Amino acid sequence: MSNSYYENGANHYDHHKELHIDTVNGGDIRNLISAFFKDDAEEAEVVEEIVDIVPDEVKEADDTNDDEELVTNLMPIFYNNKEDVRRFLKEIRGMAQENITDLVNRWVKEKRISDYGNSRKGVLWGILNKVGLYTRSKQNWNGRVV
């Protein structure tokens with residue numbers, strides 16, 4: 001007699017598992033894959049390979065769904081250009097702190113980030129710092145952002 005059960009989006013059988021992703025979208029896929037491989041450390045390495053082949057539009061949907069409030073807060077600083085805000089957030093994720101300030105300086109020169117009332121200084125730093133995208137001090141930020 002077979003010992004089977006359903007858990008975390010997968011059918012578990014004695015000798016294998018079947019993962020059902022046909023109804024999963026966005027960020028749920030990463031959680032589903034992680035849960036699927038949680039039993040076996042060797043199989044867990046496959047998770048990284050699978051996540052790498054997830055289409056970019058799914059990854060982007062995952063990132064931007066969580067960021068709607070952040071995007072809304074940043075829009076005035078980016079001349080209300082939602083696409084530029086998303087592009088900026090995508091670029092700075094995982095970026096070294098000093099490279100973030102270099103990018104801000106470049107975008108100010110390119111008129112993609114507003115300089116009105118020094119919004120690129122205190123306001124932008126405050127928003128990025130609050131969500132953990134720029135963790136250094138305001139003094140450090142202001143010393144690097146011109």
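Treat the numbers as computed from the prediction; the structure is a model and nothing was measured. Index from 1, following the sequence.
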Aromatic plane relationship, Phe88 with Phe78 - under 30° parallel, 30 to 60° tilted, over 60° perpendicular: tilted
Side chains of Asp102 and Arg144 in contact at under 4.5 Å (non-hydrogen atoms): yes
Distance (rounded to the nearest 0.5 Å) between Leu128 CG and Thr101 OG1: 11.0 Å
Within one Ile-Leu-Val-Met-Phe-Trp-Tyr cluster: Met95 and Trp125, side-chain cutoff 4.5 Å: yes
Working for side-chain contact (heavy atoms from CB on, under 4.5 Å), residues Leu103 and Glu91: CA-CA 9 Å; Leu103 180 65; Glu91 283 190 41; 3.6 Å; yes
ILVMFWY cluster, Met75 and Leu124 together (side-chain gap under 4.5 Å): yes
side-chain contact (heavy atoms from CB on, under 4.5 Å) assessment of Arg136 paired with Glu98: CA-CA 10 Å; Arg136 292 189 182 165; Glu98 60 272 5; 3.4 Å; yes
side-chain contact (heavy atoms from CB on, under 4.5 Å) evaluation trace for Arg87 with Arg112: CA-CA 11 Å; Arg87 189 175 300 119; Arg112 294 167 81 181; 3.2 Å; yes
Gap between atom OH of Tyr134 and atom CD1 of Ile100 - 0.5 Å precision: 7.5 Å
Heavy-atom donor-acceptor pair, Thr135 side chain to Gly132 backbone, under 3.5 Å: no
Val85 with Tyr79, same ILVMFWY side-chain cluster at under 4.5 Å: no
Approximate separation, where rounding is to 0.5 Å, of Ile127 CD1 and Ile77 CD1: 4.0 Å
Derivation of the side-chain contact (heavy atoms from CB on, under 4.5 Å) call for Val108 and Val146: CA-CA 9 Å; Val108 167; Val146 290; over 6 Å; no
With sequence neighbours excluded, residues passing side chain to side chain contact (heavy atoms under 4.5 Å, CB included) with Asn81: Glu83, Asp84
Inter-residue atom distance Ile113.CD1 - Arg120.CZ, 0.5 Å rounding: 10.0 Å
Salt-bridge criterion met for Arg86 and Glu68 (N-O under 4.0 Å): yes
